[in-house]
Undergrad: 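Just dropping this structure here.
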Amino acid sequence: RESGLEEQMYDGHLTANIIVDDVRVGDIIEYSYTRTGTNPIYKGVFNYERNVQWNIPVHYQGIRVLWGKPNPLHSKKLNTDVAIKKKAYGRFQEYSLALTDTPAHPINSEVPKWFQPYGIVYFYEADTWSEIVAWAAALYDNVKDGGTAVAPIAKTIEQSAGTPEAKVSAALNYVQSNIRYLGIEMGTGSHAPSSAQETLQRRYGDCKDKAVLFISLLKALGIRAYPALVNTEIKQHIAELPPMMDAFNHVIVKTVLDGKIYWLDPTRSYQIGKLEHIYQPDYGYALVVDGMARSLESMHNSAHLSRNVINDSFDLTKGVGQEVLFESSTGYYGYAAERARYDLASKGAASLQQQYLDFYSAYYPGIEARTNFERVDDPNTGVVTQKEKYRIKNFWTKNDEDQEYTGYFYVNSFAFDLSKPDQVNRNAPYPTRKPLWTTHTFMSNPMPNMIKPPMC
């Protein structure tokens with residue numbers, strides 16, 4: 001069974017389960033297999049990587065590469081000082097390494113995806129990133145033209161959008177909204193994009209296909225744009241890797257308008273608003289496939305575009321021991337707005353209303369919704385504003401001995417971000433959260449004859 005089906009990725013990988021009878025502690029199981037050939041998309045360019053350390057001990061491991069090509073073979077090591085030996089072997093050069101009794105290297109749970117704690121070795125043929133750019137350019141240049149299929153869409157955008165920024169935003173919205181995500185990564189499809197015309201005809205595509213369609217639309221609108229290869233997991237740490245075709249797992253698009261760089265992702269959903277307000281994760285570095293790039297390009301950080309602004313208001317004017325009217329207003333920006341739109345589209349308003357009510361019930365048992373929540377989606381800024389109104393009947397806690405009433409306010413929006421990892425003693429970085437900033441403000445109308453201020 002393919003492991004990527006849940007993410008709409010089909011790559012042809014198969015899993016074989018072999019059940020061995022009568023296996024006992026101390027037994028040694030020997031197995032071997034052979035793989036012949038390689039994906040033709042690589043054009044015969046070689047790269048190989050191998051971990052030499054794990055969270056379990058390994059008695060013996062070895063790697064041997066026989067190199068017979070005229071181009072030199074390069075090697076690189078990360079987090080290990082293992083010796084790589086080189087010697088002549090007939091008409092080949094032999095590269096080898098051997099490790100005996102490698103100890104286990106246990107790592108904390110809950111670590112960032114980019115963190116690589118184990119030793120790893122690389123063997124690779126490409127000497128510079130410009131060679132990877134040339135390889136990728138050959139894949140993209142021949143398909144970045146939608147021809148007659150793209151022309152009517154571009155004409156509609158041209159007639160409805162005035163500025164170049166508005167045209168880019170409209171083209172992005174078209175690809176995001178009309179082409180569903182589905183990756184068929186068989187064979188050369190692992191890296192080669194489909195043509196814009198083919199993607200339009202079938203109405204689905206992966207990141208490569210959607211990027212090509214987006215770039216083709218922009219080309220028809222007279223705007224230059226280029227594919228940008230990124231790694232969404234290791235992000236900025238891709239700079240530590242050698243030049244390899246397999247260094248990337250995602251494609252976005254780079255365009256420049258009036259000297260300002262925009263990084264845009266046609267595979268994202270629920271993005272609206274003017275171009276300057278559209279959020280794009282910062283993947284650290286990108287390899288721009290423009291035929292001229294000689295190195296990785298640093299991306300700008302747009303985390304400031306993603307945040308929550310929450311204003312909670314408690315009306316205490318009915319007095320001590322009486323019900324409290326609670327209102328909450330939340331502004332969702334950037335990624336937070338995308339997530340809010342997705343929640344509404346996937347769950348529905350009724351389900352979300354109940355989810356909010358269940359959430360607040362953990363803090364205020366018996367809370368009731370006075371009205372259904374309201375949402376306003378700003379088409380210019382892309383900000384989602386949500387308003388909720390509740391009635392809290394059991395807000396106050398009475399202390400009979402002191403004859404005091406106490407009410408509590410909770411900064412619950414910070415609860416997730418301030419939670420501690422299970423393992424506090426660390427030998428690895430702490431896990432990172434989504435780039436989401438939250439501002440939480442309390443407002444309260446004073447109650448008459450307040451005996452004691454509420455506690456926060």
Side-chain angles (χ1 to χ4, degrees), residues 1-7 9-39 42 44-69 73-125 185-187 190 233-234 237 240-242 244-247 249 422-423 425-429:
R1 181 180 179 277
E2 295 191 40
S3 59
L5 297 183
E6 288 80 4
E7 299 175 355
M9 297 283 287
Y10 295 80
D11 58 13
H13 279 88
L14 303 177
T15 300
N17 292 311
I18 302 173
I19 300 174
V20 183
D21 295 339
D22 194 26
V23 177
R24 308 183 187 188
V25 175
D27 287 353
I28 296 175
I29 300 175
E30 295 183 1
Y31 65 94
S32 64
Y33 63 92
T34 300
R35 289 190 300 193
T36 303
T38 187
N39 191 335
Y42 296 122
V45 178
F46 177 78
N47 63 260
Y48 176 77
E49 62 182 83
R50 169 85 179 199
N51 273 40
V52 294
Q53 190 178 39
W54 291 270
N55 62 352
I56 58 173
V58 179
H59 174 56
Y60 175 81
Q61 55 185 316
I63 302 173
R64 180 171 179 257
V65 179
L66 288 179
W67 188 252
K69 299 177 72 173
L73 180 67
H74 309 284
S75 63
K76 183 173 182 176
K77 299 176 287 186
L78 283 179
N79 303 327
T80 179
D81 57 359
V82 60
I84 300 176
K85 299 179 180 179
K86 177 183 176 181
K87 69 176 183 179
Y89 190 87
R91 64 184 183 88
F92 298 97
Q93 290 291 324
E94 180 190 73
Y95 297 81
S96 65
L97 61 88
L99 289 143
T100 303
D101 293 330
T102 302
H105 185 45
I107 297 296
N108 294 128
S109 62
E110 304 167 283
V111 299
K113 288 185 177 181
W114 55 258
F115 180 58
Q116 170 53 268
Y118 304 117
I120 188 169
V121 295
Y122 301 91
F123 293 96
Y124 55 100
E125 184 176 357
E185 313 293 327
M186 311 289 189
S190 62
E233 294 190 353
I234 63 174
H237 297 276
E240 301 171 5
L241 302 186
M244 298 190 306
M245 299 164 179
D246 285 338
N249 68 351
D422 293 336
Q423 297 174 326
N425 296 321
R426 311 290 297 179
N427 63 358

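Here, residue 1 is the first one in the sequence, and each next residue gets the next number. Please read all numbers here as calculations on a predicted model, not as lab measurements.
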Undergrad: Any side-chain donor-acceptor pair under 3.5 Å between His105 and Asn55?
TA: no

Undergrad: Give, for atom CD1 of Ile63 and atom CG of Leu97, the distance between the pair rounded to the nearest 0.5 Å.
TA: 4.5 Å

Undergrad: Would you sort out whether Lys76 and Val121 count as a side chain to side chain contact (heavy atoms under 4.5 Å, CB included), showing the intermediate values?
TA: CA-CA 6 Å; Lys76 183 173 182 176; Val121 295; over 6 Å; no

Undergrad: Measure across Phe115 and Ala428 and return the closest heavy-atom pair with its distance rounded to 0.1 Å.
TA: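 It is CE2-CB, 3.5 Å.
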
Undergrad: Rounded to the nearest 0.5 Å, how far apart are CD1 of Ile120 and CD of Glu240?
TA: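 Atom-to-atom, Ile120:CD1 and Glu240:CD are 11.0 Å apart.
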
Undergrad: Taking atom OH of Tyr89 and atom CD of Glu94, what is their separation to the nearest 0.5 Å?
TA: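 The distance works out to 7.0 Å.
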
Undergrad: Any idea which heavy atoms bring Asn79 and Gln53 closest together, and the distance?
TA: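 Shortest heavy-atom contact: O-OE1, 4.4 Å.
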
Undergrad: Do the two ring centres, one from Trp67 and one from Phe123, sit under 6.0 Å apart?
TA: no

Undergrad: Has the side chain of Asn47 got a donor or acceptor atom that lies under 3.5 Å from a matching backbone atom of Met244?
TA: no

Undergrad: Counting distance only, does the side-chain N/O of Arg426 pair as donor-acceptor with the main-chain N or O of Pro429 below 3.5 Å?
TA: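 Between the backbone of Pro429 and the side chain of Arg426 there is a qualifying donor-acceptor contact (under 3.5 Å).
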
Undergrad: Under a 3.5 Å cutoff, is there a donor and acceptor pairing between the side chains of Asn39 and Ser190?
TA: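 Asn39 vs Ser190: donor-acceptor pair found between side chains.
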
Undergrad: Is it true that a side-chain atom of Glu233 and a backbone atom of Trp114 form a donor plus acceptor pair closer than 3.5 Å?
TA: no

Undergrad: Quick one: which of Val52, Leu78, Thr102, Ile107 gives a side chain to side chain contact (heavy atoms under 4.5 Å, CB included) with Tyr118?
TA: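 Going through the options one by one, the only one that passes is Ile107.
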
Undergrad: Could you give me the CA-CA distance, side-chain angles and deciding distance for Met245 and Val45, then say whether side chain to side chain contact (heavy atoms under 4.5 Å, CB included) is met?
TA: CA-CA 9 Å; Met245 299 164 179; Val45 178; 3.5 Å; yes

Undergrad: If you look at every heavy atom in Arg24 and Asp22, which pair is closest and at what distance?
TA: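 So the two residues come closest at NE-OD1, 2.9 Å.
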
Undergrad: Taking atom types as modelled and ignoring hydrogens, do the side chains of Tyr42 and Asp246 form a donor-acceptor contact shorter than 3.5 angstrom?
TA: yes

Undergrad: Between Lys77 (side chain only) and Val82 (backbone N and O only), is there a donor and an acceptor less than 3.5 Å apart?
TA: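 Confirmed, Lys77 side chain pairs with Val82 backbone.
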
Undergrad: A cation-pi test, strictly: NZ or CZ of Arg50 under 6.0 Å from the centre of the six-membered ring of Tyr122 and no more than 45 degrees from its axis. Yes or no?
TA: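 Not flagged: Arg50 not positioned over aromatic ring of Tyr122.
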
Undergrad: For Glu125 and Lys69: C-alpha separation, side-chain torsions, deciding distance, then whether side chain to side chain contact (heavy atoms under 4.5 Å, CB included) applies.
TA: CA-CA 10 Å; Glu125 184 176 357; Lys69 299 177 72 173; 2.8 Å; yes

Undergrad: Check for a donor-acceptor pair, side chain of Asn108 on one end and backbone N or O of Asn427 on the other, with a separation under 3.5 Å.
TA: yes

